[in-house]
Amino acid sequence: MTPTTRPVPQSRHLATSIPGPKSQTLHSKRLQEVTGGFGVTLPVFIDRAEGGILADVDGNRLIDFASGIAVTSVGASNPHVQARVAEQLERFTHTCFMVTEYESFTEVATWLNEHTPGDFEKRTALFSTGSEAVENAVKISRAATGRDKVLVFDDAYHGRTMLTMAMTAKENPYKKSFGPFPSDVHRAPMAAPLRWATGAENATAEALAGVEQTLADHGAENFAAMVIEPIQGEGGLIVPATGFLTGLREIATRHGIVFVIDEIQAGMGRTGALFASEHEGVVGDLILTAKALVGGLPLSAVTGRAELMNAVHTGGLGGTYAGNPLACAAALGVFEAFADGSLLANARRIETTARAVLEPLLAGTAVVVDVRGRGAMLAVEFADQNTLEPLPEIAKAVAAACHEQGVLVLVCGTYGNVIRLLPPLVIGDELLADGLQVLAESILAADREPVAAVVV
Ligand SMILES: *Cc1c(COP(=O)(O)O)cnc(C)c1O
């Protein structure tokens, strides 16, 4: 393919203040036309995106530490993805896989069956969004077990549809005013080390006891599925205490509950392994992927044990756009991009570089209480170092300072006090160093002047 546009320079550049005048005009138009129900992290309109850079309509180049929420891990203009999608676009855009078939759907399924953890026969179902994958995992688990109930965890995020809102923990903005929700969803403790009441060393054992208690309260024999993120994303980038995931695996097996690992955010190379559950050697019965699976087109998947996946009656699963051919082509491009292992190495290198810059802030400030994560899925949590009282105003001020200087970061967490880094795995070393420097300086500034910093 001959490139029709010139590459986006891989350096931060501020041509105007952020947001610039053109973005401001476009944003006010948007407010006139688009529902106010959508928020926005940074009201900047993007013209091009490539590597670690988002180039806006005012000529600014922002460092991308968000990847469109962990989606564009291979970059937003990956040549493998572009070539595959362009080739598919020439041939056809849609048939509906439930009407007539195409090979790329099977090829995506084959790759997932081969590369997801678990040495057993698998099948894959493709859908469009992450929420749909979660919903379908519950449908499959119910059909396979004949049971109703679903176990989820504190601080979980599983989506915005009715069932997945019920499974998501955080009230505002995700659930507020949208109930009632589907029933039979029960929540158990998450082994979150930082805030575990009796100390991080007790988190695994006590949280597992809490899980057993929740199951006993509602009858373990009534649970179809247990759904967990191997590293929680929206809920605050919480890495579960060591042993928690393997403990859950054991509990699920003992009670005949389908163990569903939601790798929608943490999977597909983000943490330096293809799947985050590999770090703990834990194998799900079903594993969910979306986001970085496709590098930007809508596609999600449920992959798992053949006997579970085939327990559903023929015609019971599907969707008009499920496994759309353009999205499948993009996924095949993503698999090509991952083939030589260099992106996984990049994720690990990003972690090393970022920790070297961010960890000194634990001792160097009064507001950073944790630097955590794996690979290119990292977070800084802000709280009072003595009381752990969350400091969302510091996270907000730091994010605003980064945005002003052309570094896009995301705030997350149940208390809104965590800054999350999800850079594309293709970000260059210099760009990464520059963005981290801006972040570190913004944190130091907010630490020095916490009161002034609140005014954003
Ligand atoms: C984003 C996300 C979802 C929902 O995916 P959508 O494509 O937004 O529906 C589900 N689970 C996790 C862990 C996610 O991060």
Side-chain angles (χ1 to χ4, degrees), residues 37-41 66-73 116 125-139 141 150-170 173-175 178 181-182 185 187 190 192 225-240 245 248 259-271 275-277 282 284 286-303 319 321-324 327 330-331 334 373-379 410-414 418 420-422:
F38 273 70
V40 65
T41 302
S67 302
I69 317 187
V71 170
T72 53
S73 294
T116 49
L126 299 181
F127 303 98
S128 302
T129 67
S131 304
E132 257 187 301
V134 175
E135 295 242 359
N136 279 283
V138 172
K139 285 166 66 173
S141 300
V150 177
L151 190 77
V152 293
F153 295 85
D154 287 339
D155 301 306
Y157 182 85
H158 297 293
R160 291 178 182 264
T161 58
M162 277 299 161
L163 175 60
T164 58
M165 266 194 291
M167 296 169 68
T168 288
K170 192 175 180 179
Y174 305 123
K175 304 167 76 156
F178 297 143
F181 301 113
V185 175
R187 200 169 299 284
M190 165 76 185
M226 181 188 286
V227 186
I228 184 128
E229 298 155 86
I231 296 180
Q232 291 182 323
E234 308 301 310
L237 214 134
I238 297 167
V239 185
L245 294 175
L248 290 180
F259 190 48
V260 183
I261 304 188
D262 179 348
E263 292 250 13
I264 289 169
Q265 187 158 151
M268 289 308 296
R270 174 66 32 203
T271 64
F275 298 98
S277 44
V282 60
L286 302 179
I287 184 164
L288 312 182
T289 47
K291 292 198 164 104
L293 173 66
V294 211
L297 277 81
L299 186 75
S300 63
V302 183
T303 299
Y321 298 111
N324 168 271
V334 167
R374 277 198 170 109
M377 187 173 187
L378 298 164
L410 298 171
V411 172
C412 68
T414 296
V418 177
R420 170 171 52 155
L421 304 182
L422 300 165

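Each ligand, and each atom within it, is numbered from 1 in the order the structure gives.
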Report task. Check ring pair (Phe, Tyr, Trp, His ring centres under 6.0 Å) between F259 and all other residues, then give those that pass, not counting sequence neighbours. Result -> none
Query - N/O separation below 3.5 Å, G130 to ligand 1 - result: yes
Report summary line: Given the options M167, E229, M190, V152 meets side chain to side chain contact (heavy atoms under 4.5 Å, CB included) only with M167
Query raised in the report: Considering only heavy atoms from C-beta outward, does the side chain of M377 approach that of R374 to under 4.5 Å?
Result: no
Query raised in the report: How far apart are the closest heavy atoms of V294 and V334, and which atoms are they?
Result: C-CG2, 3.5 Å
Query raised in the report: Does E132, backbone or side chain, put an N or O under 3.5 Å from an N or O of ligand 1?
Result: no
**Report entry** Shortest protein contact, atom 11 (N) of ligand 1 (heavy atom only)
**Finding:** D262 OD2, 2.7 Å
Query raised in the report: Does E263 have a heavy atom less than 4.0 Å from any atom of ligand 1?
Result: no
Query - Note, F153 side chain near M226 side chain (heavy atom, < 4.5 Å) - result: yes
Query raised in the report: Which atoms of ligand 1 are found less than 4.0 Å from any heavy atom of Y157?
Result: 1 (C), 2 (C), 3 (C), 11 (N), 12 (C), 13 (C), 14 (C)
Query raised in the report: Does the side chain of V150 reach to within under 4.5 Å of the side chain of V260, using non-hydrogen atoms?
Result: no
Report task. From atom 14 (C) of ligand 1, work out which of K291, M167, R160, Q265 has a heavy atom at the shortest distance. Result -> K291
Query - Distance filter under 4.0 Å to E229 heavy atoms, resulting ligand 1 atoms - result: 13 (C)
**Report entry** For E234, salt bridge (Lys or Arg N to Asp or Glu O under 4.0 Å) partners two or more places apart
**Finding:** R420
Requested in this report: Could you see which bit of T129 sits under 4.0 Å from ligand 1, with heavy atoms only: side chain, backbone, both or neither?
Outcome: both
Requested in this report: For S131, counting its heavy atoms only, list the atoms of ligand 1 lying under 4.0 Å from any of them.
Outcome: 4 (C), 5 (O), 6 (P), 9 (O)
